[in-house]
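What follows is a short report on a single structure.
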Amino acid sequence: MGRYVLRRLLQLIPVFFGATLLIYALVWAVPGDPFAGKCGERACPDSYVQFMTEKYHLDDPWPVQYVYYMGHLLTGDFGQTFGGREISEIIAQAYPNTLKLALMGLLIEGVIGLTAGILTGLRRNGFLDNLVLVSTLFLLAIPTFVSGFLLQFVLGTQFRIIDPTVAEGAPFWDYLVPGFVLASISMAYVARLTRTSIAENSRSDYVRTAVAKGLPQRRVVGVHLLRNSLIPVITFLGTDLGSLMGGAIVTEGIFSINGIGREVYRAIVTKESATVVGIVVVLVMVYLLMNLLVDLLYAALDPRIRYE
Amino acid sequence: MRVSKRASAVAAIAAVALVAAGCGGGDDTEENSGNADKTANGAITIDGTQPANPLLPSATSETGGGDVLDFMWTGLINYPAGGGDPVNAVAEDIGTTDAQTYTVKIKKGIKFHDGTEVKAKNFVDAWNFTAYSENGQQQASFFSDIDGYEAVHTEDPDGEEGPQKAPKPTTDKMSGLAVVDDYTFTVKLAAPNSIFPVKLGYSAYFPMPDSFFAAADKNEWGKKPVGNGPVKFVSWTDNVEIKLTRFDDYTLDDKVKIKDVTVKLYQEDTAAYAELVANQLDFQQQVPSSSLAGEKWKADLGARGLTVDIPVMQIIAFPIYDKRYQNKDLRRAVSLSINREEIASKIFFNTRKPATSWAAPGTPGATGFDCTTCKYDPEAAKAALQAAGGFEGEMVIYYNADASHKDWVEAAANSVATTLGIKVRAEGMPTFAVFRQNIDGKKMTGPYRAGWQADYPNGENWLGPLYVTGASSNDGSYSNPQVDALYQEGSRLADEKAAEAKFAEAIKIVDAEVPSIPIVSVTQQSGISNRIAPSVKTNWVGSIDLSTVELV
């Protein structure tokens with residue numbers, strides 16, 4: 001087990017270099033001169049463009065720029081934006097907010113999605129099953145920005161139950177509504193995935209054996225059925241944390257949450273490779289670590305899976 | 001640059017409006033009369049966007065930072081709210097006899113927020129700093145009129161792409177600037193220019209305190225700036241808020257009555273609007289375009305909504321360097337075939353006004369700027385097309401797709417296509433940066449949308465930078481020696497009225513040759529909370545005039 005984890009962690013290194021190189025090249029390939037739109041409806045003065053070009057090595061070919069960037073990154077220096085902000089500061093400020101939002105989303109989709117999935121999987125074709133079927137269909141059909149604006153308007157502006165936006169440094173609780181909006185689509189997936197998985201496994205041999213042994217219903221479902229049925233769901237939830245963080249840009253915009261979505265969007269538009277790479281690299285790390293965690297959870301859930 | 005709203009937001013708000021039609025509207029104000037005590041200790045929150053650069057007048061050309069700078073600084077002159085001629089602020093007197101050498105006297109006893117006095121050298125040093133090309137400041141070109149600018153600001157001899165670099169300037173002081181005594185300095189221009197003093201209220205001309213010049217890292221200084229205006233800097237949390245507070249030693253007329261001002265930095269104007277409707281935000285400069293549809297904002301805000309004119313026009317410009325667009329009759333035909341009334345009412349819900357002049361309505365010194373082709377006249381348009389000998393191929397009108405320009409540009413294209421019976425299509429370029437890159441590089445192959453916001457309130461600003469040969473924003477490379485000559489003559493006249501007449505004459509030629517077509521002038525829809533007295537005013541560019549804010 002220890003060697004397996006070590007091997008997986010070592011694999012992070014080439015992935016890290018590969019991912020940064022790819023992202024750097026992609027941002028570089030985005031069309032547009034970073035200083036073309038900076039001075040409004042007139043061209044920027046040559047002196048300014050030249051000053052910035054030299055300061056950020058922009059006239060070098062991109063592999064050279066990448067080497068400069070990596071050299072700084074390995075000493076812990078994420079670099080600066082064209083406006084002179086430390087990118088490490090941006091990351092330190094924006095990541096906690098996005099992480100809070102994504103964790104709230106994950107919590108909501110885990111709790112509501114799993115509960116709905118288990119209940120409907122056990123009692124198929126009942127009233128509850130149909131209700132969940134219809135409501136998940138409804139959730140899947142509503143894009144995030146519709147549910148976001150709707151909840152913001154109804155709960156924030158009409159009934160004043162919540163603040164229409166989330167303030168900086170707000171407690172975790174304030175992320176409830178944005179988290180719900182962010183997770184609503186994934187929540188529907190989780191419910192359906194769990195339902196199918198439960199329904200399938202409840203007809204399997206080991207469940208019949210457990211029932212035949214005379215085990216109480218709670219134990220059959222809780223220990224035998226659920227553990228095996230959760231594998232696909234855990235896989236989905238694990239990778240979804242990364243997707244939620246990366247895909248939070250619309251939700252962050254609606255609720256004015258100061259997260260990574262806005263920074264990445266702004267940086268892509270203004271061609272600030274260093275900012276994009278800095279933020280995305282951390283996101284890639286989150287993905288990889290969550291994947292590792294999911295793989296390790298498999299072994300805990302299913303005794304047939306062993307590492308080594 | 002304010003980042004655009006997504007078109008999808010329109011659909012979302014429309015859906016919301018269906019669900020909750022007719023709801024909204026503010027609470028009644030608690031009291032009717034302003035309460036001086038409440039105001040004196042009061043705090044307000046207004047909307048803003050994250051400044052793209054440190055808060056330095058020399059480095060800021062976008063509104064996010066520009067608005068905060070305008071709050072924190074007072075320049076030599078102020079532009080009155082709602083247009084009109086500028087009035088002296090820090091300046092005691094700006095005098096000239098030949099429109100070339102100006103003597104600027106400043107008032108005594110005006111202080112920076114750190115307690116040091118504003119002196120003549122604070123202006124002269126600040127201007128030299130910005131103009132010096134080794135400092136690489138965005139606003140350098142605002143000093144190009146001053147004698148000796150070429151010596152401090154060298155140009156790249158073979159353009160940006162070429163291997164050579166701009167030589168190091170021989171000096172870092174413009175010869176045209178001289179400090180006479182602590183409260184007097186002189187400005188000698190390279191050529192006479194009667195409009196020069198009108199420009200001096202712009203942020204690029206603000207004075208800088210001694211601490212700025214002493215600072216080794218100017219960007220670091222710009223994160224805790226020190227100005228000389230009615231409010232001073234408290235703190236700036238990136239992407240969250242900028243806090244300002246009243247500067248009690250401020251001696252000029254535009255003192256603020258309230259105590260604290262928080263500029264909340266939003267990423268989406270819809271989020272700010274939601275807080276405005278809930279009375280949690282005290283001022284939003286422009287309500288989102290989605291709330292303009294069906295006049296929803298009026299239902300939401302009632303008396304809390306304000307409409308103000310701002311000096312902005314939407315224009316379609318021609319790339320005159322492209323030989324297909326060098327015929328003025330063709331350009332006339334296009335202008336005459338656009339139904340501006342319909343665009344203003346159907347696309348913009350009357351938040352824009354059909355253009356009738358080459359300058360924004362109410363611009364001082366622009367009375368003779370009438371646009372004779374700014375009307376919908378299909379017959380005349382067809383005749384003009386015939387005179388031009390028709391149009392071969394397809395006309396593509398370009399816009400930047402990252403802001404909400406698609407609808408009106410498409411409407412204009414359709415209008416031209418149906419009236420003239422030629423192939424016309426609108427096409428978006430992905431971002432403003434790509435769009436500007438093509439414009440700056442003179443690579444446009446069709447007419448394109450342009451916007452112009454006046455830098456200073458004077459008719460000259462709608463002529464000089466746009467239609468004089470080689471001017472800073474003459475992107476279409478329009479050139480007419482007569483226009484240039486009239487403009488030079490006007491600039492040399494010390495008498496403002498006489499200068500105005502020359503500029504009007506130049507515009508007459510522009511009007512006949514149609515290098516670009518004014519489409520609509522812009523009005524701004526702002527909103528205030530129920531805590532602010534409705535007597536609040538906006539300044540000439542539409543941001544809030546803090547000195548008029550009173551709480552109720």
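Just so we're on the same page: letters track the sequence lines, and every chain starts at 1. Just so we're clear, the structure is a prediction, and the values are computed from it rather than from any experiment.
In this structure the side chain of A:Pro178 reaches within 4.5 angstrom of the side chain of A:Val166, judged on heavy atoms.
Looking at B:Glu268 and A:Arg262, no side-chain N of the basic residue comes within less than 4.0 Å of a carboxylate O on the acidic one, giving no salt bridge. Residues A:Lys100 and A:Asp174 are not paired through a salt bridge, judged by the lack of any N-O separation under 4.0 Å between the basic side chain and the carboxylate.
Using a 4.5 Å cut-off between heavy atoms, B:Gln137 touches chain A through its backbone atoms (N, CA, C, O) alone. Heavy atoms of B:Glu241 lying under 4.5 Å from chain A are absent altogether. Proximity to chain B is limited to the side chain of A:Phe51, based on heavy atoms less than 4.5 angstrom apart. If you measure heavy-atom distances from B:Asp238 to chain A, the contacts under 4.5 Å come from both the backbone and the side chain. Contacts between B:Asn135 and chain A at a heavy-atom distance below 4.5 Å involve the backbone alone (N, CA, C, O). Both the backbone and the side chain of A:Glu252 come within contact range of chain B, with heavy atoms under 4.5 Å apart.
For A:Tyr68, the ring pair (Phe, Tyr, Trp, His ring centres under 6.0 Å) partners two or more places apart in sequence, or in a different chain, are A:His57. Applying the side-chain hydrogen bond (donor to acceptor under 3.5 Å, both in side chains) criterion to B:Thr431, with sequence neighbours excluded, gives no partner residue.
By number of non-hydrogen pairs under 4.5 angstrom with chain A, the leading residue of B:Thr237, B:Asn438, B:Val434 is B:Val434. Most heavy-atom pairs under 4.5 Å with chain B: of the set A:Val250, A:Thr81, A:Thr157, this distinction falls to A:Thr157. Among A:Gln152, A:Glu89, A:Arg85, A:Gln93, the residue making the largest number of heavy-atom pairs under 4.5 Å with chain B is A:Arg85.
Relative orientation of the A:Trp62 and A:Trp28 rings is tilted, given thresholds of 30° and 60° on the angle between their planes.
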